[in-house]
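Remember, it's 1-based here, ligands and their atoms both numbered in the order they're listed.
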Amino acid sequence: MKVLVTGFEPFGGDDENPSYEAVKLLPEHICGAEIVKAELPTAFKRAETALRERIEAHRPDIVICTGVAGGSSGTRLERVAINLRDARIEDNDGEMPADEQIVPGGPAAYFTRLPTRKILSALTENGIPAALSYSAGTYVCNDVMYTLLHLAETEYHGVRGGFIHVPYSPAVAAKKQPLPPSLAVETAARALKLAISVTVAE
Ligand code: PCA
């Protein structure tokens, strides 16, 4: 079994993106599954292309995409992606789409293909703050989640996947005022490892 795990590059003036920092800490194998890591650009168009290329190149059984959700106090297990781009800030290519569909005429939303409730139990039993989330926003993370689930629906049948948001790392949070909540990158990595274990075991 092969698992593609993605994080994002920094954006919005931050020095690091804790999502990819956490992905980098994952081992090469989890529960016998091979882990393939990728850093996606925080740019609408290039992120979609990069995700598709990685899926085509590696043909993973499971895809878990991750990103940072500034202000979040725990890991957020995203359950829904909506067909909307509505950026609050420019992406890393200077694009700031508003009121646009990701897939013109596509379904309004896709539900995650990850066992989010089981993952939630695993995380909270292991002392990691986590919650189910019903909005991945309308920026690049929601875009990537929607694109992933659209690909799983239309081209890569049988692929399981979804999206997990992690909080700021202490290093990123420390540079902001008012001080936002943060989670150690090592803990975020532990959360991702548990999420992968639960999904592989399903
Ligand atoms: N978080 C942003 C995009 C990249 C990232 O790590 C988001 O939540 O949309």
### Task
Keeping the roles fixed (side chain from D91, backbone from F44), state whether a donor-acceptor pair exists under 3.5 Å.
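Looks like yes, one N/O pair under 3.5 Å.
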Taking atom types as modelled, find out whether [X] and [Y] have a side-chain donor-acceptor pair closer than 3.5 angstrom.
X: T6; Y: E39; result: no
X: T116; Y: R79; result: yes
X: S133; Y: E78; result: yes

### Message
Heavy-atom pairs closer than 4.0 Å: do any link ligand 1 to the side chain of V68, the backbone, both, or neither?
### Response
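For V68, the contact with ligand 1 is made by both the backbone and the side chain.
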### Message
Below a 4.0 angstrom heavy-atom separation, can you tell me which part of N17, side chain or backbone, both or neither, approaches ligand 1?
### Response
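It is the side chain that gets close, since no backbone atom is under 4.0 Å.
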### Query
Is any N or O atom of H165, backbone or side chain, closer than 3.5 Å to an N or O atom of ligand 1?
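By distance alone, the answer is yes.
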### Heavy-atom nearest neighbour of atom 4 (C) of ligand 1 within options A69, C141, G67, G7
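Residue with the shortest heavy-atom distance to the ligand atom: C141.
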